[in-house]
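To start, the structure under review is shown below, and the notes come after it.
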Amino acid sequence: MLLIDKPAGPTSHDVVRTVRRSLGMKRVGHAGTLDPAASGLLVVLAGRATRLARFIGMLAKRYTGTIRFGFETVTDDADGEPTLRDESWRGRTPGEIEAALAHVGAQPAQMPPAVSAKKVEGERAYHMVRRGEEPGLRSVEVTIHELRLSAFDPSAGEAAIVVDCSTGTYVRAIARDVGRALGTRAHLAALRRTAIGAWRVEDAEPLNAIRDATLPLRPMSEAVAHLPAIEVGEAGGRLFRHGRKFESSEAHQGFVAVFERGELLGVGEFREGLYSPVVGLAS
């Protein structure tokens with residue numbers, strides 16, 4: 001596992017290609033896409049650890065962002081062509097912006113941006129938009145743990161925000177919805193991911209610092225450190241390796257990280273009184 005501080009510009013897949021070349025490995029992936037214009041923390045996994053990406057995806061993510069008032073865009077961020085314009089944001093107070101943030105943060109669902117990777121009948125929404133079609137997206141459940149104003153610059157028409165949210169939440173959609181809740185239009189001007197679960201961007205390596213001999217790789221056990229851990233004996237380890245259910249004196253609902261003598265065997269799940277292997281990592 002590797003923590004990368006992605007700069008604005010490259011895609012998440014560009015980062016994967018860079019790490020792939022540095023490691024000389026084909027099997028490299030990331031856990032949680034960052035849009036090209038966004039910067040910040042990207043978790044990259046290599047080898048067998050790529051099987052753990054979905055468990056990292058369960059974790060909450062933290063961002064800092066900038067909302068720019070005055071117009072919406074096709075993409076809901078600064079990369080898209082401007083669409084609807086409205087200058088009624090002028091004269092709005094920080095208190096009114098905070099009220100709009102509170103309203104949006106309390107919503108249990110969110111309409112994803114039209115230009116997004118969401119699938120509609122098996123096709124990515126952005127492909128449909130490029131053909132001039134309406135993708136017909138539906139709102140999805142999200143959880144916004146925190147959404148607050150950190151600064152407001154009325155001369156620039158920009159509000160700096162902090163967001164702590166569940167996976168699948170689009171911060172650019174938050175910016176769009178905050179503008180509408182304020183009775184005007186807005187889009188996301190900048191975005192930086194500062195944390196995923198317990199990982200912080202301060203602990204990540206800049207992309208331009210990645211070199212073959214200096215890759216600061218982390219053990220793949222760190223990718224499941226947020227899961228309850230259970231230790232199995234030789235018999236339990238043998239059953240796990242063969243994809244068979246096993247017993248343990250510990251009962252944890254949901255996913256668990258399974259270890260044998262300190263080695264991460266994989267991830268299991270408690271079902272009907274027994275643990276079932278979900279992802280195997282050991283040879």
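What you see below is based on every heavy atom in this structure, not just the backbone, and it leaves out hydrogens, waters and symmetry mates.
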Should the heavy atoms of other residues, nucleotides or ligands under 6.0 Å from CZ of Arg244 be counted, would the total exceed 12? no

Considering only heavy atoms from C-beta outward, does the side chain of Arg218 approach that of Asp203 to under 4.5 Å? yes

Check whether Arg193 reaches the backbone of Leu42 with its side chain - one donor and one acceptor, N or O, closer than 3.5 Å. no

From CZ (Phe246) to CZ (Arg241), nearest 0.5 Å: 11.5 Å

Nearest heavy-atom contact between Ala37 and Asp79 is CB-OD2, 3.5 Å

Looking only at non-hydrogen atoms, find the nearest pair between Pro36 and Lys6 and report the distance. O-NZ, 3.2 Å

Is there a chain of hydrophobic side chains (I, L, V, M, F, W, Y, each step under 4.5 Å between heavy atoms) that links Val201 to Met1? yes

Criterion side chain to side chain contact (heavy atoms under 4.5 Å, CB included) on Arg180 and Glu72, from CA distance to verdict: CA-CA 10 Å; Arg180 293 177 182 180; Glu72 293 184 1; 2.8 Å; yes

Using the rule that two of Ile, Leu, Val, Met, Phe, Trp, Tyr join whenever any of their side-chain heavy atoms come within less than 4.5 Å, decide whether Val224 and Val278 are in one cluster. yes

Side-chain contact test, heavy atoms from C-beta onward, threshold under 4.5 Å: evaluate it for Leu191 versus Asp77 and give yes or no. no

Measuring only between side-chain heavy atoms, which start at C-beta, is Val279 closer than 4.5 Å to Leu281? yes

Any donor-acceptor pair under 3.5 Å from Thr194 side chain to Arg62 backbone: yes

ILVMFWY network linking Val267 to Phe259, side-chain heavy atoms under 4.5 angstrom: yes

Which distance, rounded to the nearest 0.5 Å, do you find between the CG of Asp177 and the CG of Leu101? 11.0 Å

So how far is it from Leu265 CG to Leu239 CG, rounded to the nearest 0.5 Å? 11.0 Å

Linking I/L/V/M/F/W/Y whenever their side-chain heavy atoms sit closer than 4.5 Å, directly or via other members, would Phe255 and Leu274 fall into one cluster? no

For Leu2 and Ile210, what are the C-alpha separation, side-chain angles and deciding distance, and is it a side chain to side chain contact (heavy atoms under 4.5 Å, CB included)? CA-CA 10 Å; Leu2 185 64; Ile210 297 303; 4.2 Å; yes

Should the pair Asp5-Arg192 be classified as a salt bridge under the 4.0 Å nitrogen-to-oxygen rule? yes

I'd like to know if the side chain of Thr66 reaches the main chain of Ala189, judged simply by a donor and an acceptor atom lying under 3.5 Å from each other, with no hydrogens or angles considered. no

pair Tyr63-Cys165: side-chain heavy atoms closer than 4.5 Å: yes

Between the OG1 atom in Thr73 and the NE2 atom in His187, the distance rounded to the nearest 0.5 Å is 6.0 Å

Scanning both residues in full, the closest heavy-atom pair of Ile196 with Ala31 reads CD1-O, 4.4 Å

With a cut-off of 6.0 Å (strictly less than), are more than 12 heavy atoms of other residues, nucleotides or ligands near CD of Glu87? yes

Return yes if some donor-acceptor pair links the side-chain N/O of Arg20 with the main-chain N/O of Lys26 below 3.5 Å, else return no. yes

Between Leu34 and Leu41 the two heavy atoms that sit nearest each other are CD1-O, 3.6 Å

Are more than 12 heavy atoms, taken from residues, nucleotides or ligands other than Glu250, located less than 6.0 Å from that residue's CD atom? yes

Are Leu217 and Leu3 linked, directly or through other ILVMFWY residues, by side chains that come within less than 4.5 angstrom of each other? no

Side chain proximity check, Phe69 to Arg90, heavy atoms < 4.5 angstrom: no

Check the pair Met220, Leu45 against side chain to side chain contact (heavy atoms under 4.5 Å, CB included), reporting the backbone distance first and the verdict last. CA-CA 8 Å; Met220 61 183 173; Leu45 303 164; over 6 Å; no

How many angstroms lie between atom NZ of Lys61 and atom CD1 of Ile56, to the nearest 0.5 angstrom? 9.0 Å

Nearest-0.5 Å distance that lies between atom CG in Leu207 and atom OG in Ser39: 12.0 Å

Show, in sequence, the C-alpha distance, side-chain angles and deciding distance for Phe152 and Arg92, and conclude whether the side chain to side chain contact (heavy atoms under 4.5 Å, CB included) test is met. CA-CA 10 Å; Phe152 176 50; Arg92 297 300 176 92; 5.6 Å; no

Considering all heavy atoms of both residues, which atom of Pro112 and which atom of Arg138 are nearest to each other, and what is their separation? CD-O, 3.4 Å

Counting only N and O atoms by type, is there a donor-acceptor contact under 3.5 Å from the side chain of Gln107 to the main-chain atoms of Val104? no

Closest heavy-atom contact between Arg85 and Arg185? C-CG, 4.2 Å

Is a donor on one side and an acceptor on the other found under 3.5 Å between the side chain of Ser166 and the backbone of Thr143? yes

Evaluate the side-chain proximity of Glu98 to Arg148: yes if any heavy-atom separation is below 4.5 Å, no if none is. no

Determine, for Arg200 against Glu202, whether the closest basic-nitrogen to carboxylate-oxygen distance falls under 4.0 angstrom. no

Would you mind reporting whether Val15 and His30 have side-chain heavy atoms less than 4.5 Å apart? no

Please tell me if the side chains of Phe240 and Val232 come closer than 4.5 Å, counting only heavy atoms from C-beta onward. no

